[in-house]
Amino acid sequence: MVYSAEKLFEEKVFKDPVHRYVHVRDRAIWDLIGTKEFQRLRRIKQLGTTFLTFHGAEHSRFNHSLGVYEIVRRIIDDVFAGRPEWNDNDRLLTLCAALLHDLGHGPFSHSFEKVFDFDHEDFTRKIILGETEVNKILLKVGHDFPAKVAEVIGKTSEKKLVISLISSQIDADRMDYLQRDAYFTGVSYGHFDMERILRVMRPREDQVVIKKSGMHAVEDYIMSRYQMYWQVYFHPVSRSAEVILTKILHRAKQLFEENYAFKYEPLHFTSIFHGQVTLEDYLKLDESVILYYFQIWQEEEDAILRDLCRRFVNRNLFKFAEFDPAKEYKKLAELNSLFKKAGIDPEYYLVVDSSSDLPYDFYRPGEEEERLPIHLLMKNGDLRELSRESEIVDAISGKRRTDHKLYYPADFLRDDSTKKNVKKQIRALLEIE
């Protein structure tokens, strides 16, 4: 039997709190799950620093990747199978792309990417195409199969329908992380009727569409996503932890460039600081490694690195104030000056952080981020863009919401043992009691 069609003698299942069970029958999928590159995802949290706000948010990208695979498996095996628009020859390609879509995420994913100018999708591609266990398994399917999987994940494949299952405005990735993140954070916002949405999905040549009868379930999904972003993903306390995490990495990099003598040499960061990180170096990084350095850097001679690491490890986070950069830029400049007078480095201790989200958008040709809209399949076979039929979705379509916060160390500013008058001025500007 050819490898691509090979099935396990007995179906394997993973018990899952969101989907009840994740079912694996394909030999290739089972082998991919067992690779060291995929197992590494167990050591990378799905929600980064959010566990410092919602203590249950300890779930991993391994959990999520299995969940995305399971949703896609249900769609193509239970809903699309036998429909003329669906090519069953794309089944294994779709399942592999779903399983591996987050393979290149680094520790504390997005913070890490911002500091070192990494792109997790680029590393996903390198893992799939490089000399890895994942690549060896994909090559058993076909010599060009790794490239095909990488193209789907990178959204450059000609198979637009397959891409839309994994990356669109209503895809398996979002459907899993909304429910999974809601479950582990303990909030109710991320819940929607996924089973209903799956039943009303239909394949078309270039994307998945939704039967008109399922419109209300899709409305609920979009509003759930909106609420999750503002109540969980952009929670100001999680962002405070992320600010500190980012500043730790910036400080360590700056000290390295200044030839600072670390008590414990940051060997895992050396190639990154030099800007010459290899795939092998990258795959050695996970959150246990990063937290190890944060632990030992609490004893460093450098006061800023030492303090920031202690704050992160012991959850002594920055406080925050509402901030409007368009109106309060003079206030920020004044605070910068006062922080310097108080002996507090504003580069590390006075930080503006912004969050922005566009919950749903219709297609706008030529824009920087063109989004394929969600289409409803009408009874007569016509397609209608969702916001044309839904008043709820129309009300939020194309409307970007942005929030700015100013983060600072309140404990430093309340300590009047030094620079008392300057700190009093800072407290007045920040309206600290």
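Throughout, numbering of the chain's residues begins at 1 and tracks the sequence.
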May I ask you to check whether [X] and [Y] show a side-chain donor-acceptor distance below 3.5 Å?
{"X": "R401", "Y": "Y226", "answer": "yes"}
{"X": "D181", "Y": "Y233", "answer": "yes"}
{"X": "D176", "Y": "H19", "answer": "yes"}
{"X": "H120", "Y": "E113", "answer": "yes"}
{"X": "R400", "Y": "S356", "answer": "yes"}
{"X": "E300", "Y": "Y264", "answer": "no"}
{"X": "H64", "Y": "D173", "answer": "yes"}

Do [X] and [Y] have side chains that get closer than 4.5 Å, going by heavy atoms?
{"X": "I374", "Y": "V218", "result": "yes"}
{"X": "K253", "Y": "F116", "result": "yes"}
{"X": "L178", "Y": "Y221", "result": "yes"}
{"X": "L93", "Y": "K159", "result": "yes"}
{"X": "D415", "Y": "K423", "result": "yes"}
{"X": "P359", "Y": "Y229", "result": "no"}
{"X": "V72", "Y": "E70", "result": "no"}
{"X": "V351", "Y": "I244", "result": "no"}

Parallel, tilted or perpendicular, as decided by the 30° and 60° cut-offs, for the rings of [Y] and [X]:
{"X": "Y349", "Y": "F412", "value": "tilted"}
{"X": "H274", "Y": "F256", "value": "perpendicular"}
{"X": "F234", "Y": "W230", "value": "perpendicular"}
{"X": "F118", "Y": "F112", "value": "tilted"}

| Mind checking what makes salt bridge (Lys or Arg N to Asp or Glu O under 4.0 Å) contact with E195, not counting sequence neighbours? | R74
| query | Taking only residues two or more places apart in sequence or in another chain, which ones pass salt bridge (Lys or Arg N to Asp or Glu O under 4.0 Å) with E299? | reply | none
| request: Write out all pairs satisfying ring pair (Phe, Tyr, Trp, His ring centres under 6.0 Å) with one or both partners inside residues 125-156, taking only residues at least two apart or from two chains. | output: none
| note | Quick note, ring pair (Phe, Tyr, Trp, His ring centres under 6.0 Å) partners involving residues 322-345, not counting sequence neighbours, are none
Could you work out, with side chain to side chain contact (heavy atoms under 4.5 Å, CB included) as the rule, every residue matching [X], not counting sequence neighbours?
{"X": "A147", "value": "L129"}
{"X": "E10", "value": "none"}
{"X": "D77", "value": "R73, R91"}
{"X": "F320", "value": "P236, K405, Y407"}

Taking all non-hydrogen atoms of both residues into account, name the closest pair between [X] and [Y] and its distance.
{"X": "P107", "Y": "R40", "result": "CD-NH2, 4.5 Å"}
{"X": "R196", "Y": "G214", "result": "NH2-N, 4.2 Å"}
{"X": "V24", "Y": "L8", "result": "O-CD1, 3.7 Å"}
{"X": "S157", "Y": "I163", "result": "O-CD1, 3.5 Å"}
{"X": "S164", "Y": "D171", "result": "O-CB, 3.6 Å"}

| request: Name all residues meeting the side chain to side chain donor-acceptor pair (under 3.5 Å) criterion together with S111; count only those two or more places apart in sequence or in a different chain, and write none if there are none. | output: E242
| message | Suppose we screen for side chain to side chain donor-acceptor pair (under 3.5 Å). Which residues come up paired with T53, at least two apart in sequence or across chains? | response | S238
Hey, is [X] close enough to [Y] for a salt bridge, meaning N to O under 4.0 Å?
{"X": "D144", "Y": "K148", "answer": "yes"}
{"X": "R27", "Y": "D31", "answer": "yes"}
{"X": "K136", "Y": "E131", "answer": "no"}
{"X": "D26", "Y": "K7", "answer": "yes"}
{"X": "D411", "Y": "R311", "answer": "yes"}
{"X": "D16", "Y": "R180", "answer": "yes"}
{"X": "D357", "Y": "R225", "answer": "yes"}

Could you tell me whether [X] atom [atom1] has more than 12 heavy atoms of other residues or ligands within 6.0 Å of it?
{"X": "K319", "atom1": "NZ", "answer": "no"}
{"X": "E265", "atom1": "CD", "answer": "yes"}
{"X": "E258", "atom1": "CD", "answer": "yes"}
{"X": "K36", "atom1": "NZ", "answer": "no"}
{"X": "K263", "atom1": "NZ", "answer": "yes"}

| said: Tell me which pairs pass salt bridge (charged side-chain N to carboxylate O under 4.0 Å, His left out) where either residue lies in residues 337-352, with sequence neighbours left out. | reply: K247-E347
Flag the pair [X] / [Y] as yes when their ring centroid distance falls below 6.0 Å, and as no otherwise.
{"X": "Y183", "Y": "H59", "value": "no"}
{"X": "Y69", "Y": "W30", "value": "no"}
{"X": "Y292", "Y": "F294", "value": "no"}

Can you give me every donor-acceptor pair (side chain of residues 277-289, partner residue at least two apart or in another chain, under 3.5 Å) with its distance?
residue: T278; atom: OG1; partner: D281; partner atom: N; Å: 3.1
residue: T278; atom: OG1; partner: D281; partner atom: OD2; Å: 3.0
residue: D281; atom: OD2; partner: S271; partner atom: OG; Å: 2.8
residue: Y282; atom: OH; partner: G104; partner atom: O; Å: 2.6
residue: Y282; atom: OH; partner: G106; partner atom: N; Å: 3.1
residue: D286; atom: OD1; partner: S288; partner atom: N; Å: 3.0
residue: D286; atom: OD1; partner: S288; partner atom: OG; Å: 2.4
residue: D286; atom: OD1; partner: V289; partner atom: N; Å: 3.1
residue: D286; atom: OD2; partner: R43; partner atom: NE; Å: 2.6
residue: E287; atom: OE1; partner: K45; partner atom: N; Å: 3.2
residue: E287; atom: OE2; partner: K45; partner atom: N; Å: 3.1
residue: E287; atom: OE2; partner: F108; partner atom: N; Å: 2.9

| field | Straight-line distance of F80 CZ to T94 OG1, nearest 0.5 Å | value | 9.5 Å
| task | Could you check D416 against R427 for salt bridge (Lys or Arg N to Asp or Glu O under 4.0 Å), going step by step and ending with a plain yes or no? | result | CA-CA 11 Å; D416 284 338; R427 291 200 299 270; 3.0 Å; yes
| request: Please assess H235 against F54 for the test ring-ring contact (aromatic ring centres under 6.0 Å, His included), listing each intermediate value before the final yes or no. | output: CA-CA 10 Å; H235 194 289; F54 299 92; 5.6 Å; yes
